[in-house]
Amino acid sequence: MNRYLIKNAKIVNEGVIFEGDVLVENELIVEVSENISLKSSDCMIIDAEGNYLLPGVIDDQVHFREPGLTHKGDIESESRAAVAGGITSYIEQPNTVPNAVTQEILEEKYKIAAEKSFANYSFMMGATNDNLEEVLKTNPKNVAGIKIFLGSSTGNMLVDNEAVLEKIFSCTSMLIAVHCEDETTVKNNLEKYKEEYGEDVPVTAHHLIRSEEACYISSSKAVALAKKTGARLHVFHLSTAKEMELFTNKIPIEDKKITAEVCVHHLWFTNEDYATKGNLIKWNPAVKTANDRKVLWEALNDGRIDVIATDHAPHTLDEKKQKYLQAPSGGPLVQHALVAMFEAHHQGKISVEKIVEKMCHNPAKIFKIEKRGFIKEGYYADLVIINSGLPWSVKKENILSKCGWSPFEGFTFKSRITHTFVNGKLVYSGFKVKDIRAGQRMLFDR
């Protein structure tokens with residue numbers, strides 16, 4: 001029997017922190033109590049005194065690059081980095097090669113993950129201008145949702161046919177997740193900067209090319225379409241203050257038909273960081289201004305934004321070192337997302353309870369994930385122990401993503417993850433990932 005007793009932890013669950021013990025047997029949490037007495041001969045005991053015990057983080061937006069782009073990352077390498085970062089479940093996006101736009105291609109990705117993934121997984125079905133029939137075959141019980149790119153991004157799957165969009169929104173009861181940037185606005189802005197700079201447009205113009213206006217035009221259209229059709233909409237990686245007016249905190253999350261996500265990089269960096277970080281912080285949507293970041297934090301804390309995710313999207317350093325116009329957008333984040341949010345906690349920006357709400361509970365609620373995202377008896381034992389006073393520095397040699405770099409390189413975090421459990425298996429301890437591919441396909445209560 002696989003049995004662990006975690007003692008004396010500061011358990012964080014459903015808005016409360018309390019000291020107690022958690023007993024794990026096989027895949028499940030079987031007891032949560034103030035004091036559980038078992039002999040060490042009956043189980044492995046982990047004394048977590050002074051440390052937080054959290055539900056495993058559920059990252060609702062990653063790009064793990066398999067199949068077709070595995071020189072940048074793959075399911076094995078990136079899920080290994082994820083569990084080292086306290087992420088025990090992830091939802092991967094369809095812009096791999098080939099794009100996951102048929103049921104057959106989608107299921108191929110699940111087969112790869114079943115063999116290789118250290119963390120639990122789900123893969124989104126991709127929508128295009130001409131695959132509505134395939135989209136409607138998607139099984140809501142074992143696929144997280146439908147992904148639509150309303151602005152072209154890395155691995156272009158742009159859906160720009162208004163009639164098709166309305167049909168998708170009208171015809172599926174599944175969650176529709178959207179990338180919102182208005183293509184025409186972005187193209188016009190880019191031409192303007194090319195006229196001024198030729199092929200040497202500086203990265204400092206990125207947030208002006210992929211502008212506030214481009215984001216707002218697209219996200220406001222998506223929200224209007226969801227309201228018109230009654231679709232279940234989830235808006236990925238919001239980046240502007242202006243977009244916050246589109247979302248509400250007046251409805252409990254369980255009743256929201258329109259939900260919102262922010263990513264770690266939009267909460268951490270601003271356009272002023274382009275001067276030193278360059279293409280390493282080139283993302284779509286772009287990192288914007290200090291005021292945008294400030295308002296994103298306010299919306300996150302007051303409930304207009306529901307989820308914190310990563311949009312983890314590795315590229316090689318050589319790809320990133322190209323000129324701005326050639327360098328792809330995206331970067332690795334899964335290994336450092338949770339400790340980055342704990343850093344924000346140390347800075348007084350967010351409570352530990354709120355981190356757990358936005359990174360663990362709410363993704364489980366929004367996607368209706370079965371038996372994950374909480375520390376509850378009968379739930380899967382996806383758990384993370386974090387020491388909030390154990391500093392460590394991000395260096396080349398401790399970066400686990402295949403791309404081998406991080407926008408946090410050289411930064412010293414105050415908090416460090418000490419243990420990660422996936423389905424009751426201790427996959428990370430002693431600051432090393434064990435060779436245990438414990439991930440399972442997530443199921444959905446729909």
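Residues passing the ring-ring contact (aromatic ring centres under 6.0 Å, His included) test with F64, sequence neighbours excluded: Y90, H312. Residues passing the side-chain hydrogen bond (donor to acceptor under 3.5 Å, both in side chains) test with K365 are E254, sequence neighbours excluded. Annotation: ring-ring contact (aromatic ring centres under 6.0 Å, His included) contacts of F411 (sequence neighbours excluded): W268, F413. Scored by the ring-ring contact (aromatic ring centres under 6.0 Å, His included) test, Y4 finds F421 as partners (sequence neighbours excluded). Checked against side chain to side chain contact (heavy atoms under 4.5 Å, CB included), I417 has the following partners two or more places apart in sequence or in another chain: L338, V339, V384, I386, T420, Y428. R416 meets the side-chain hydrogen bond (donor to acceptor under 3.5 Å, both in side chains) test with no other residue; sequence neighbours excluded. Remark: N249 engages D302, R304 in a side chain to side chain contact (heavy atoms under 4.5 Å, CB included) (not counting sequence neighbours). With sequence neighbours excluded, the residues that form a side chain to side chain contact (heavy atoms under 4.5 Å, CB included) with K10 are I17, Y52. Applying the side-chain hydrogen bond (donor to acceptor under 3.5 Å, both in side chains) test to E92 and every residue at least two apart in sequence or in another chain returns K109. A search for side chain to side chain contact (heavy atoms under 4.5 Å, CB included) contacts involving K321 returns L317, not counting sequence neighbours. Partners of D382 under the side-chain hydrogen bond (donor to acceptor under 3.5 Å, both in side chains) rule, at least two apart in sequence or in another chain, are N120, R372.
Counting non-hydrogen atoms of neighbouring residues, nucleotides and ligands closer than 6.0 angstrom, the NZ atom of K432 reaches no more than 12 such neighbours.
Cation-pi geometry between K228 and F169 is not met at under 6.0 angstrom from the ring centre and within 45 degrees of the axis.
Listed by first then second residue, pairs satisfying salt bridge (charged side-chain N to carboxylate O under 4.0 Å, His left out) with a partner in residues 187-196 number zero, not counting sequence neighbours.
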